[in-house]
**Student:** 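One structure, pasted below without further comment.
Per chain, numbering begins at 1; letters A, B, ... match sequence-line order.
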2 protein chains.
Amino acid sequence: MRQNTKTGTDRVTIAQVAREAGVSKTSVSRYLGGEFDALSVRLRDQIGKTIARLGYQPSQMARGLKGGRTRLIGMLVADILNPYSVAVLHGAEAACQKYGYTLMLCNTGNDEEREKQSLAALHSYSVEGLLFNTQGRNVTPLKELGQAAFPVVLLDRRIEGCDFDLVGLDNVKAAQLATRHLLAQGYTDIALVVQPLYGVSSRQGRQAGFLQAMSERSDCHGETLEVHIDQPGHTATVLREFFERRSGSGGRVAILAGNGMVSLQIALALQSMKLGFPDDVGLLCFDELSWSPLVGSGISTIEQPTYEIGFTAIERLLVRINGERSVRMEILLDGRLISRGSSVSVAGSEDMALSSRVAQKMRKAAATAAAGIAA
Amino acid sequence: MRQNTKTGTDRVTIAQVAREAGVSKTSVSRYLGGEFDALSVRLRDQIGKTIARLGYQPSQMARGLKGGRTRLIGMLVADILNPYSVAVLHGAEAACQKYGYTLMLCNTGNDEEREKQSLAALHSYSVEGLLFNTQGRNVTPLKELGQAAFPVVLLDRRIEGCDFDLVGLDNVKAAQLATRHLLAQGYTDIALVVQPLYGVSSRQGRQAGFLQAMSERSDCHGETLEVHIDQPGHTATVLREFFERRSGSGGRVAILAGNGMVSLQIALALQSMKLGFPDDVGLLCFDELSWSPLVGSGISTIEQPTYEIGFTAIERLLVRINGERSVRMEILLDGRLISRGSSVSVAGSEDMALSSRVAQKMRKAAATAAAGIAA
DNA sequence: CTGTTAGCGCGTTCAC
DNA sequence: GTGAACGCGCTAACAG
């Protein structure tokens, strides 16, 4: 009994099938390739039976060695803990399964070095194409791929200097939709809270849409706030400063969260400041999350068609893999506004201008907290 | 210029390196294998330089073809949308990266057919081992793997009739911890809410721990509630019935959610019934989620060491891959109680027995909703 | 229609 | 130390 060195698993080979069926390897290979018109009915039948009996499965590795068709797709994810990434992954995996491809997954954790290593690893397995969602900095190895016309589809973020296809959200439009919703609800002082803009096109796109929508209303104030979500308390500090700054405006304050990760930090920060929405501050977040309906009276969101983004990205990648050489293409999908309690305007229940009331309440919460620490 | 058929990518081969360096393939191969003592210093240097210059990377496919060491690990996930799965995946991916393996990911979506197909796909790539987290029903193909002594590590759920290693939570102990916490907080009528128990060992383990802890207190009442979370409104219905049933007990009602998916449904159901925690009902959930601190006064949870579970599972798998043949092993990690507002006993602020107040409030909410629909 | 032959890129003897 | 030669499982080009 032949055995695989380590595992003890018998791997049935094409040669065994051929021998048992009394035919040549070529015929079996043809059978597998679906070239039935080049096989007599008798042979076809014989081969089919033998394959079934032996439980033979062709080795994709050997297959790929020759033709280069490994039916493997590599996916590089910036942060597997980001719900957006997972949701896109879900769609991508489904598409792979549909088209008979398998996904090799690498999480880079926003680390350049690991990104490089992962790229190398995927390359060493001869993946036919790459789905890429990662930090857009220092991407020399990627550019080489671009010059080699290697099939790559970018997710969510453009990369400067690379003409890869892209699938993602129409960020400008979505941000406009979001901003106009807040304005329509009577909010006048709006902060777009995002992670660092530098190098990340999707964030920049959202800012562009935000600024554009704000510019249509000269009576309102909008500003962009950058937060570092891995730095505990930073979001709260930034928000606090914003509220203080706007405390004299006499307007209604609202926050537009740039993505799901930021939403969480904002929700936590507001909670720690004892600020509620929409009573104290309006809130609208990019990315629909499972818990969006749960917090307070529900958080309004801009939902991204994440599953579709992943699915479409794979389909686009397959088109490239199959040799299409047309110019760079961007597929931008629309976001959908889900309106919940956090962004409805509170019908003037209070006379005091909201902005000042918020600042006051916030200071009180801070004082309480300080007292608590002192005690 | 040699080109890969489709992509135009030049794949540097070991032969090219040998030619350019003016040595034989064997020498290059030895260099890669680290057999430096069998190489003259001059050759070694020459080869190293050539490899760097050409950017050569050995093909794992060709490598695996011969020795069977593909450095590939397959992971089958029951539901990629389940945060637990993703968290475990995170740890597993990290371990793979650490040990120079790459993960092939398949999502089965709790579907038997897709599970079989995925298994076949992974097999066709000669993965060296399998990480398995999926429904425990109809697993004939898996059992075959077991008989072939193919390296497999189970995540979270045991599978009857298979003696694979398992890494997961110590469910019995964790459920005891959870239940005792609720009892200690003064809750007397506790419902463990889980997805269907049949065939899923982890759920059964949690129930066992729950029942055991409840049995220590004859004055308290515990029951297990099965819910179908993909069936909208089912959770709410089941909870409603439970509350009605206990309305006469005069005790304090609490819910123990069996996992993160159930937690979400419960939170939504309670919200729809206008019931708050801990005022109306105590709540403790398996699985720490990003939003656990956010809802109401915070949801108490039993946190699983998910990252560690994934990481450990890969390590255990590698041990198996490297030939260890010892008997089946279970690695059970401990859960951690994170106590928040949802499970603290409300110091007798109300005289009316909680259980009846809950039922009353719930009926009122239902009536309001009905009126709303009628209008 | 069918079998023979020659690689794909690499690891591994086995002689030199 | 070093290199030629073979085989892994499969596909493709070339005969018959």
Side-chain angles (χ1 to χ4, degrees), chain A residues 2-7 9-47 51 54-72 123-126 128, chain B residues 2-7 9-47 51 54-72 123-126 128:
Chain A
R2 288 248 305 290
Q3 300 243 129
N4 191 325
T5 321
K6 288 288 178 188
T7 62
T9 314
D10 283 304
R11 232 198 179 290
V12 185
T13 77
I14 198 173
Q16 290 176 46
V17 176
R19 201 180 321 126
E20 297 251 353
V23 299
S24 77
K25 290 195 299 177
T26 312
S27 300
V28 181
S29 178
R30 286 197 177 116
Y31 179 93
L32 295 171
E35 304 172 42
F36 295 121
D37 45 345
L39 288 175
S40 69
V41 188
R42 201 173 56 78
L43 270 208
R44 190 194 313 180
D45 198 59
Q46 205 134 358
I47 295 174
I51 286 183
L54 268 50
Y56 166 70
Q57 274 193 285
S59 155
Q60 283 292 350
M61 315 237 71
R63 200 181 275 219
L65 192 53
K66 179 79 183 186
R69 307 300 307 241
T70 55
R71 300 196 81 78
L72 238 32
H123 177 69
S124 81
Y125 286 104
S126 304
E128 292 184 36
Chain B
R2 289 248 307 289
Q3 301 241 127
N4 190 324
T5 322
K6 288 288 179 190
T7 63
T9 315
D10 283 303
R11 232 200 180 287
V12 186
T13 77
I14 198 174
Q16 289 176 45
V17 175
R19 200 180 321 124
E20 297 251 351
V23 299
S24 78
K25 289 194 302 176
T26 314
S27 303
V28 181
S29 179
R30 286 198 178 116
Y31 180 93
L32 295 170
E35 303 173 43
F36 296 119
D37 45 344
L39 289 174
S40 69
V41 187
R42 201 173 56 78
L43 270 208
R44 187 194 313 183
D45 199 58
Q46 205 134 359
I47 295 174
I51 286 183
L54 268 49
Y56 165 71
Q57 275 193 282
S59 155
Q60 282 292 349
M61 315 234 71
R63 201 180 272 223
L65 193 52
K66 182 80 181 192
R69 306 301 306 243
T70 55
R71 301 195 80 77
L72 240 31
H123 177 69
S124 80
Y125 287 103
S126 305
E128 292 184 34

**Student:** Under 3.5 Å, is there any donor-acceptor pair linking the side chain of B:Arg44 to the base of D:dG1?
**Tutor:** no
**Student:** Does B:Thr13 place a side-chain N or O at less than 4.0 Å from the phosphate oxygens OP1/OP2 of C:dG9?
**Tutor:** no
**Student:** Just call it for A:Leu39: base, sugar-phosphate, or nothing, with non-hydrogen atoms closer than 4.0 Å on any strand.
**Tutor:** sugar-phosphate
**Student:** Between CD of B:Glu128 and CZ of B:Arg69, what distance do you get to the nearest 0.5 Å?
**Tutor:** 4.5 Å
**Student:** Respond yes when some side-chain nitrogen or oxygen of B:Tyr31 is under 4.0 Å from OP1 or OP2 of D:dG1, and no when none is.
**Tutor:** no
**Student:** Looking only at side-chain N and O atoms, does B:Tyr125 come under 4.0 Å of OP1 or OP2 in D:dG9?
**Tutor:** no
**Student:** Can you tell me whether the side chain of B:Arg69 and the base of C:dG11 have a donor-acceptor pair closer than 3.5 Å?
**Tutor:** no
**Student:** Once you apply a heavy-atom cut-off of 4.0 Å, does A:Phe36 come out as touching a base, just sugar-phosphate, or nothing?
**Tutor:** nothing
**Student:** Which nucleotide in the set D:dT11, C:dG3, D:dT2 lies at the smallest distance from any side-chain heavy atom of B:Arg30?
**Tutor:** D:dT2
**Student:** Between A:Ser29 and B:Lys25, just flag the one whose closest nucleotide in DNA chain D comes earlier from the 5' side.
**Tutor:** B:Lys25
**Student:** Does B:Arg63 have a side-chain nitrogen or oxygen under 4.0 Å from the phosphate oxygens OP1 or OP2 of C:dC10?
**Tutor:** no
**Student:** Look at B:Ser59 and C:dG9 and indicate whether a side-chain polar atom (N or O) is within less than 4.0 Å of OP1 or OP2.
**Tutor:** no
**Student:** What is the nucleic acid contact for B:Thr26, judged by heavy atoms within less than 4.0 Å: base, sugar-phosphate only, or nothing?
**Tutor:** base
**Student:** I want to verify a distance call: between D:dG9, D:dT2, C:dC10, whose nearest atom is closest to the B:Pro58 side chain?
**Tutor:** C:dC10
**Student:** Just to be sure I understand the rule, does A:Ser40 reach a base, reach only the sugar-phosphate, or reach nothing, if contact means heavy atoms closer than 4.0 Å?
**Tutor:** sugar-phosphate
**Student:** For the base of C:dG9, is there a side-chain donor-acceptor partner from B:Lys66 under 3.5 Å away?
**Tutor:** no
